[in-house]
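Let me begin by presenting the structure, written as structure tokens, before commenting on it.
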Amino acid sequence: MDSSIRFLHTADLHIGRPFTGICELDSLWRERIVNATRSAFDTLCDYAIKNKVDFVLVSGDVFDTVSAEYSSYALFFDGLKRLSHEGIHTYICAGNHDPYSSWKPSFFSESAFIHIMEAKQPSYFVHYRNGQPLCYIAGRSYKTNAWDSIEPIINGLTYQEIKQNACAASSECVTCIEENIPAIALVHTSLNKGESQRYAPLKITQLQASGVSYWALGHIHAFECFSNDHGVFAAFPGCLQGGDIGERGDKGFVDVTMPYPQYVPHVTFVPASPLCWEECTLDVTHCETLNAVQQCVEDACTCSLSQHRSDYLVARVCLTGITPLYKELNSLATRKALREEINRHMAGVLVFELVNKTILEKGDVLAPSHDTFLYYLVQKADALADTPDDVRSTLKAWCEDKDDATIFTSYLDSCSDKELKELISAAKDQVVRNLLYPA
């Protein structure tokens with residue numbers, strides 16, 4: 001009998017997460033974006049059933065929040081029921097967004113095919129195929145939304161510990177399990193990323209020394225594999241569907257095969273996201289009219305979409321170059337109208353932001369005034385860069401004395417630290433243009 005193993009590994013579904021950074025959506029795009037995560041998860045389930053995999057691993061952050069709604073649970077467990085009906089088991093560990101203590105058992109029915117890892121100690125399983133032991137599977141969940149234990153999340157997850165505890169926990173008759181069947185483990189961790197203790201950080205060397213054949217990791221939203229002399233031994237599949245411009249490109253899950261008898265994992269990334277995010281930078285120096293700029297953006301977005309497996313592209317486009325169109329492109333109203341025309345022409349693309357970083361041609365007029373909000377912002381920004389609250393209070397104080405700057409006050413109260421940094425960066429760019437091309 002062929003004892004090779006095949007399974008899918010996913011993580012960071014973040015079901016229920018609101019998409020951010022987009023406004024003024026029409027109903028069609030709103031529906032596409034709201035349904036993107038469901039569609040990606042359906043793709044995973046369809047793929048698992050079509051390819052008759054042995055099981056599916058989910059390495060944390062199934063839900064985006066500890067207070068996930070019933071509809072989020074329904075989406076997830078409806079998919080697991082489909083897998084169960086085909087005899088496919090699912091093994092799940094909870095992450096920092098959806099810790100074990102936050103799961104709501106009243107929202108879903110227990111199943112012999114669905115296994116959720118505990119938090120107080122690791123959970124251990126023997127996975128069977130046709131009554132024969134195929135592999136050991138183990139893992140551990142977060143108890144709360146921060147790893148608050150001094151012990152590493154990996155404790156109890158060496159090969160020998162997994163084998164011993166999995167055999168003891170198995171309700172089936174296991175009188176003789178082959179010594180060489182592999183162990184697979186699930187954890188949600190900020191592996192080697194230098195994050196705080198709350199994210200259960202581990203080192204590659206800890207995983208390598210464990211004797212576990214494959215570590216199914218979660219938490220990092222980009223696909224990444226880790227190999228040794230024998231091949232891949234750990235992977236982050238990345239998130240299933242990108243949620244904002246910071247999660248660019250195709251997203252999906254991984255298809256893992258472990259051929260008998262060495263059981264060295266072979267990992268293949270499978271794109272599943274129906275919608276991808278991208279950031280395009282375009283030099284529009286050669287464009288003599290706004291219509292030419294529009295065509296340039298449309299061509300670039302069409303090219304970008306063709307390079308992805310996703311059906312839809314959501315893009316931020318940054319315009320660069322030296323152009324007499326600077327004044328037009330620097331107008332919010334003009335860029336909005338230009339963006340609307342682009343979106344009207346392109347059925348599968350949504351340009352949600354046009355950023356102007358072009359520079360005026362020499363000789364054009366852009367008179368700098370050193371008594372402006374921009375110059376004051378740049379002057380203070382470097383000294384206060386690490387203390388956003390001080391930046392806000394200092395700038396608000398300046399605004400109070402300027403009749404033409406009061407519009408910034410409410411913005412400073414509501415903007416995030418990230419948005420404040422972007423404002424500072426934009427102000428610096430503008431000041432540099434003013435200095436390079438004075439009247």
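Numbering starts at 1 and runs along the sequence shown.
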Are side-chain N/O atoms of [X] and [Y] paired as donor and acceptor at under 3.5 Å?
X      : Y      : result
Glu298 : Gln294 : yes
Glu278 : His308 : yes
Trp215 : Ser210 : yes
Ser59  : His9   : yes
Asp255 : Thr268 : no

Determine whether the aromatic ring centres of residues Tyr136 and Tyr124 are separated by less than 6.0 angstrom.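 For Tyr124 and Tyr136, the ring centres are not under 6.0 Å apart.
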Side chains of [X] and [Y] in contact at under 4.5 Å (non-hydrogen atoms):
X      : Y      : value
Cys135 : Phe55  : yes
Leu240 : Asp12  : no
Lys336 : Glu340 : yes
Phe108 : Ile114 : no
Leu319 : Val297 : yes
Leu217 : Leu207 : yes
Asn96  : Arg198 : no
Asp299 : Gln295 : yes

Expected output: side-chain [X] to main-chain [Y] donor-acceptor under 3.5 Å:
X      : Y      : value
Gln241 : Leu275 : yes
His97  : Asp64  : yes
Arg335 : Leu329 : yes
Ser310 : Asp250 : no
Lys251 : His221 : yes

From [X] atom [atom1] to [Y] atom [atom2], the distance as rounded to the nearest 0.5 Å:
X      : Y      : atom1 : atom2 : value
Asp61  : His188 : CG    : NE2   : 3.5 Å
Glu161 : Leu157 : CD    : CG    : 7.5 Å
Leu350 : Ile33  : CG    : CD1   : 6.0 Å

Which of these, Tyr199, Tyr142, Trp147, sits in a ring pair (Phe, Tyr, Trp, His ring centres under 6.0 Å) with His219?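 Option passing the ring pair (Phe, Tyr, Trp, His ring centres under 6.0 Å) with His219: Tyr199.
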Geometric class of the Tyr91/His115 ring pair [parallel <30°, tilted 30-60°, perpendicular >60°]: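 If you compare the ring of His115 with that of Tyr91, the planes turn out parallel.
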Fit a plane to each ring of Phe113 and His89, take the angle between them on a 0 to 90° scale, and name the class: parallel (under 30°), tilted (30 to 60°) or perpendicular (over 60°).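 Phe113 vs His89 ring planes: tilted.
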Can you see which heavy atom on [X] is nearest to which on [Y], and at what distance?
X      : Y      : result
Ser123 : Ile116 : OG-O, 4.3 Å
Tyr312 : Leu305 : C-CD1, 3.8 Å
Val264 : His230 : CG1-O, 2.8 Å
Val58  : Leu13  : CG1-CD1, 4.2 Å
Ser102 : Pro99  : OG-O, 2.7 Å
Arg140 : Asn155 : NH1-O, 4.4 Å

